[in-house]
Every structure is written in C-alpha cells, then in structure tokens.
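Below: the structure, in structure tokens.
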Amino acid sequence: MSSSSRCVNFLSICIGKKKYSGKMAQAVMTPQVQDAERYFTLVSGHRIPAVGLGTWRSGSRADDSVFNAIVEAGYRHIDTAAEYGVHEEVGFGLQAAIKAGIRREDIFVTTKLWCSDLSPNRVRIGLNNALQELQVDYLDLLLIHWPFHLKEGASRPPKEGEVLDLDMEGVWREMEKLVKENLVRDIGISNFTLKKLDNLLSFAQTMPSVCQMEMHPGWRNDKMLEACKKNGIHVTAYSPLGSSDGGRDLIHDEAVERIAKKLNRTPGQILVKWAMQRGTSAIPKSTHLERIKENIAVFGWEIPVEDFEALCRIPTQKRVLSGEELFVNEEAGPLRSVADVWDHED
Ligand code: NDP
Ligand code: 1BO
C-alpha cells in the first residue's frame, strides 16, 4: 500500500511499564481491492496475509518490531516460534497493537512446536505454553517446526541418543484435536520433504493448510512448491531475503539489484514480490522500522515476466538452513549427514 492511500493518527499505548508509540496507519482503499492482493486463501477457507513479519533473531526488539509492523506498517501476520525465545516480546507487541485498536481477529498469528514437544503427550503442553507466552487465547496457525523429535535440552549438534523416534501420526492427531477445540484455526508443517509430506497425507484427517519452507531465488525449492500446490497446501517462504543467518546475500545479488533499479524498487521489495508472484506468502524479518515498512510496500505493482524469469534462473541453488547443526550426528546418527535430514531429495 502506498503512503498516499493511508490516513495517519499518532498514538501512545502503555503495556506494563513500557510505552509503545507510533503513527497509526489506516487503510482508506476499499477492503475488496486490498484483499485480493493482500491475502491467500487456505484449504480450510481461512485467509493468510501475503506478507508477514519474521521474528527469528529479533531478541528484545521483537516487541517494538511487532507493534510497529502492525500499527505503523499495516502487517497483519506475525510469524514466530517457541525456539526463537521471543514469544513474550511478541505477546507484548500484539497486546499493544490490540490496545491501539487493531482487532485480534484481524491479526494472523503463527507459531511452531519445537522438536522437544514433538511427541503426542507434549503437543498440548507446547500449545498451552505458546498461548500463555503470546497472551492470546487461540492461534491462527500452529506448525511442526522441523520433523524431528529431540530430547529436551538436546545439544547442538545432538549427542548420541538425543534424536528420538518420531511418532508423526500421533503428533498430528493431537494437533487435529486442537483444531476441533478451536484452540488453533489451522495446522501445518515446515522443513518437510516430499517423502515426509506423502507420509503425512497418508493419514491426515485434517489437511496441513500451510507448508513453511526456505525459499528465495537462491533456493527455489520448486519440487516442494509443486507438491504443495498439487495438494492444495499453501506455501510460506521463509528467509525470503536470503536469511538472518547471513547465509546468502541476495540483497546485493547482481540480478536482484539490476531489477530493483529498473523497477525503481528496493532489492528487499523485489525478493518479497518474487515470492508472492510464485503464489507463496513471505515472512521477511527486520527489527528496523524503515525496512519493516519497505518490505511490505509490495502491493499495486508487478515484476514483469522477463524479470521474474531472470530471478528464477539465478544459479547456485543452495539451502542456507541445512539443519546440520540442529540434527546431524555423523558418528551416532540417526541423521548422519545433511542429505539424511532432507531424505536425499536435494
Ligand atoms: P530474512 O530472509 O527475512 O532476512 C532477514 C535479514 O535481512 C535480517 O538480517 C534483516 O536485518 C535483513 N533485512 C530485512 N529487511 C531488509 C531490507 N529491506 N534490506 C536489507 N536487509 C534487510 O531471514 P530470516 O531467516 O529471518 O527469515 C524470515 C523469517 O522466517 C524468520 O524471522 C522466521 O520468522 C521464519 N523462519 C522460519 C524457519 C523455519 O524453520 N520454519 C527458518 C528460518 C526462518 P535487520 O533485522 O537488521 O533489518
Ligand atoms: C533454530 C530454528 C531455525 C529457524 O526457524
């Protein structure tokens, strides 16, 4: 949305001892016009905003980032995870935004079950912790963060015996119950392979609505995108700018920079828009207000086909997040290599 399509009020909100201040952006375009571009519809019938705020590595700035993203920049989707250690900060930001007048039902909150909660008897505990820390009484989307079961407090990389058997069917059944009880509106997956997706679909009674995967022009991950599309599963692109991990500097990629200059946009906007034009939502992370605003200024324009295709031809396809540090134990296994993590599909 361009700044000319907004009217602005200044506001100041107190949550506990902290004051949240900002300029409140209010859309003045008709809702129908905004919605067509701003949302994707999930298999459940619910809608997911096309752009969300990532919170990995946001640390103590997560509360201000969330508040500013919602109130000042117009975001309606916040992506977080128990493992990011920022649930409480995200909760403060959400509460401040709600106090500022944004309705809870207009904000899409995604979080993820960490690997130590991936057993049937831990799913509800993980959910309850998330609800309490985020100060919400339901989640819009609960994802399996990574499809591996780790012992509580597992080392990185895991020691022998710290990667446990995973009862995926049992875990999914428990997640399905959370949907029936209206504690979670949609359930989904992340970091899955074709093999793991096929297995899940063989027993799922409630379809995964969303699959979150690393996706950017440096790791297109076309196979998973196609498989998800075929099964009606919406894909969210994580690390759409090339990752907080400093892994792939797409912001300074020659093709991205050239196209940004040609279209009079920023590299960040080109990368987010590329994700959207592939039919995926994207969750760029930033703790800087100007970048938060920049990354969502992606509506009302398109990347022309030839430039979109040039971005799809960027060579050196490589994951940034391989999962090696999290799950691989070369000597003891059960995952002895990155190839094992991804079922030898890359
Ligand atoms: P991103 O691809 O979003 O990149 C974030 C990095 O880019 C940060 O260093 C940020 O710095 C910088 N940045 C942000 N905007 C701009 C801009 N406009 N111009 C230049 N630099 C910019 O990385 P993430 O890996 O964080 O992915 C996004 C989100 O996806 C995560 O935060 C998390 O919520 C989710 N995720 C999910 C995973 C999963 O396993 N399901 C795995 C990884 C991520 P700064 O903050 O200083 O602006
Ligand atoms: C440690 C978790 C990886 C980012 O989602």
Side-chain angles (χ1 to χ4, degrees), residues 51-62 64-66 68-69 73 75 77-87 89-90 93 108-118 141-148 150 154-158 188-193 208 210-219 221 224 235-253 256-257 260 265-275 280-298 319-327 341-342:
V51 181
L53 180 77
T55 61
W56 185 30
R57 301 203 158 130
S58 291
S60 60
R61 304 178 73 162
D64 284 327
S65 305
V66 167
N68 286 328
Y75 283 62
H77 179 186
I78 305 297
D79 179 83
T80 191
E83 186 60 13
Y84 302 163
V86 292
H87 267 173
E89 289 78 0
V90 170
F108 192 100
V109 181
T110 299
T111 194
K112 315 181 191 92
L113 285 172
W114 184 238
C115 303
S116 49
D117 284 334
L118 273 203
L141 179 61
L142 180 66
L143 301 176
I144 291 175
H145 200 155
W146 288 81
F148 303 105
L150 289 177
S155 318
R156 288 185 188 177
I189 55 182
S190 177
N191 297 305
F192 266 48
T193 56
V210 173
C211 176
Q212 198 178 106
M213 298 293 296
E214 178 179 341
M215 278 185 190
H216 44 70
W219 179 249
N221 211 343
M224 276 305 290
V235 172
T236 296
Y238 79 60
S239 303
L241 310 178
S243 177
S244 291
D245 217 13
R248 183 87 185 244
D249 186 4
L250 290 170
I251 293 285
H252 296 101
D253 177 274
V256 176
E257 279 189 326
R265 306 285 168 185
T266 68
Q269 289 164 347
I270 295 299
L271 292 164
V272 173
K273 190 72 189 187
W274 178 82
T280 69
S281 48
I283 45 174
K285 172 263 173 183
S286 180
T287 50
H288 295 97
L289 180 56
E290 288 319 309
R291 285 178 173 176
I292 289 172
K293 287 181 178 171
E294 173 189 326
N295 294 341
I296 201 171
V298 288
R319 290 181 194 275
V320 175
L321 251 87
S322 69
E324 180 169 18
E325 202 207 344
L326 293 168
F327 306 112
V341 172
W342 301 103

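Atoms within a ligand are numbered from 1 in the order they appear, just like the ligands themselves. All residue numbers in this chain count up from 1 along the given sequence.
Residue, atom and distance of the protein heavy atom nearest to atom 40 (O) of ligand 1 are Asn191 ND2, 2.9 Å. The nearest protein atom to atom 32 (O) of ligand 1, hydrogens excluded, is given as Trp56 N, 2.9 Å; this is a heavy-atom distance. With respect to atom 3 (O) of ligand 1, the closest heavy atom belonging to the protein is Lys285 N, 2.8 Å. The shortest contact between atom 29 (C) of ligand 1 and any protein heavy atom is with Ile283 O, 3.1 Å. Given atom 26 (O) of ligand 1, the protein heavy atom at minimum distance is Ser244 OG, 2.5 Å. In this structure, the protein non-hydrogen atom closest to atom 45 (P) of ligand 1 is Arg291 NH1, 3.3 Å. When hydrogens are left out, the protein atom nearest atom 43 (C) of ligand 1 is Tyr238 CD1, 3.3 Å; that is the closest non-hydrogen contact. When hydrogens are left out, the protein atom nearest atom 3 (C) of ligand 2 is Leu321 CD2, 3.8 Å; that is the closest non-hydrogen contact. Among protein heavy atoms, atom 1 (C) of ligand 2 sits closest to Glu83 CG, 3.9 Å. Considering only non-hydrogen protein atoms, atom 36 (N) of ligand 1 sits nearest to Tyr84 OH, 3.3 Å.
Distance alone, capped at 3.5 Å, places no donor-acceptor pair between the Ser243 side chain and the Ser239 backbone. For the pair His216 (side chain) and Gly218 (backbone), a donor-acceptor distance under 3.5 Å is present. Between the side chain of Thr266 and the backbone N or O of Gln269, at least one donor-acceptor pair lies under 3.5 Å. Side-chain atoms of Trp56 never come within 3.5 Å of backbone atoms of Glu83 as a donor-acceptor pair (strictly under, hydrogens ignored). Put simply, the side chain of Lys112 never gets that close to the backbone of Leu143: no donor and acceptor are under 3.5 Å apart.
The heavy atom nearest to atom 4 (C) of ligand 2, out of those in Tyr238, Trp114, Tyr84, is found in Tyr84.
Not a single heavy atom of Glu214 sits under 4.0 Å from any atom of ligand 1. Assignment of His145 to the shell around ligand 2 is supported, since a heavy atom sits closer than 4.0 Å. Residue contacts with ligand 1 do not include Thr266, since none of its heavy atoms lies under 4.0 Å from the ligand.
Between His87 and Ala81, the shortest heavy-atom contact is NE2-C, 3.5 Å. Of all the heavy atoms in Thr280 and Ala237, the pair that sits closest is OG1-CB, 3.9 Å. Closest approach of Asn295 to Ser286, counting heavy atoms only: ND2-CB, 4.3 Å. Looking at every heavy atom in both residues, Trp342 comes nearest to Leu321 through CZ2-O, 3.7 Å. For Ile292 against Ala73, the heavy-atom pair with the smallest separation is CG2-CB, 4.0 Å.
Both the backbone and the side chain of Ser243 come within 4.0 Å of ligand 1, judged by heavy-atom distances. By the criterion of a heavy-atom distance under 4.0 Å, both the backbone and the side chain of Thr287 are placed next to ligand 1. Residue contacts with ligand 1, taken as heavy atom pairs separated by less than 4.0 Å, involve Lys112 solely via side-chain atoms from C-beta onward. Contact annotation: for Ser58 versus ligand 1, there are no heavy atoms closer than 4.0 Å.
Under a 4.0 Å criterion applied to the non-hydrogen atoms of His145, ligand 1 contributes the atoms 39 (C), 40 (O), 41 (N). Below 4.0 Å from some heavy atom of Trp146 lie the following atoms of ligand 1, by number and element: 40 (O). Near Pro284, meaning under 4.0 Å from one of its heavy atoms, ligand 1 places the atoms 3 (O). Short contacts between ligand 1 and Ile251, defined as distances under 4.0 Å to a heavy atom of the residue, involve ligand atoms 19 (N), 20 (C). Which parts of ligand 1 touch Gly54 is read off a 4.0 Å heavy-atom cut-off, strictly below it: atoms 29 (C), 31 (C), 32 (O), 34 (O). Ligand-side atoms of ligand 1 in range of Glu294: 17 (C), 18 (N), range being under 4.0 angstrom from any heavy atom. Interface of Ser190 with ligand 1, defined as ligand atoms under 4.0 Å from a residue heavy atom, comprises 39 (C), 40 (O), 41 (N).
Checking only distances, Thr55 does come within under 3.5 Å of ligand 1, N or O to N or O. At a 3.5 angstrom cut-off on N or O pairs, Thr80 does not count as close to ligand 1. For ligand 1, one of its N or O atoms has an N or O atom of Leu241 under 3.5 Å away. The N/O atoms of Asp245, backbone and side chain alike, include none that comes under 3.5 Å of an N/O atom in ligand 1. Any N or O atom pair closer than 3.5 Å counts here, and Leu321 shares no such pair with ligand 1. Backbone and side-chain nitrogen or oxygen atoms of Gly242 are examined, and one is located within less than 3.5 angstrom of a nitrogen or oxygen of ligand 1.
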* Could you go through the side chain to side chain contact (heavy atoms under 4.5 Å, CB included) check for Thr110 and His77 one step at a time? => CA-CA 8 Å; Thr110 299; His77 179 186; 2.9 Å; yes
* Just do the side chain to side chain contact (heavy atoms under 4.5 Å, CB included) check on Glu257 and Ile270 with the steps written out, would you? => CA-CA 9 Å; Glu257 279 189 326; Ile270 295 299; over 6 Å; no
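Screening Leu250, Asp249, Ile251 for a side-chain contact (heavy atoms from CB on, under 4.5 Å) with Pro267, the sole residue that qualifies is Ile251. Considering Val51, Val66, Ile283 in turn, Val51 is the only one that fulfils the side-chain contact (heavy atoms from CB on, under 4.5 Å) rule with Tyr75.
The side-chain heavy atoms of Pro240 and Leu271, taken from C-beta on, include no pair separated by under 4.5 Å. Looking at heavy atoms from C-beta onward, Leu53 lies out of side-chain contact with Thr80 at the 4.5 angstrom threshold.
For the pair Arg248 and Trp219, the cation-pi test (distance below 6.0 Å, angle within 45°) is failed.
A salt bridge is absent between Lys285 and Asp79: the closest approach of a Lys/Arg side-chain nitrogen to an acidic carboxylate oxygen does not fall below 4.0 angstrom.
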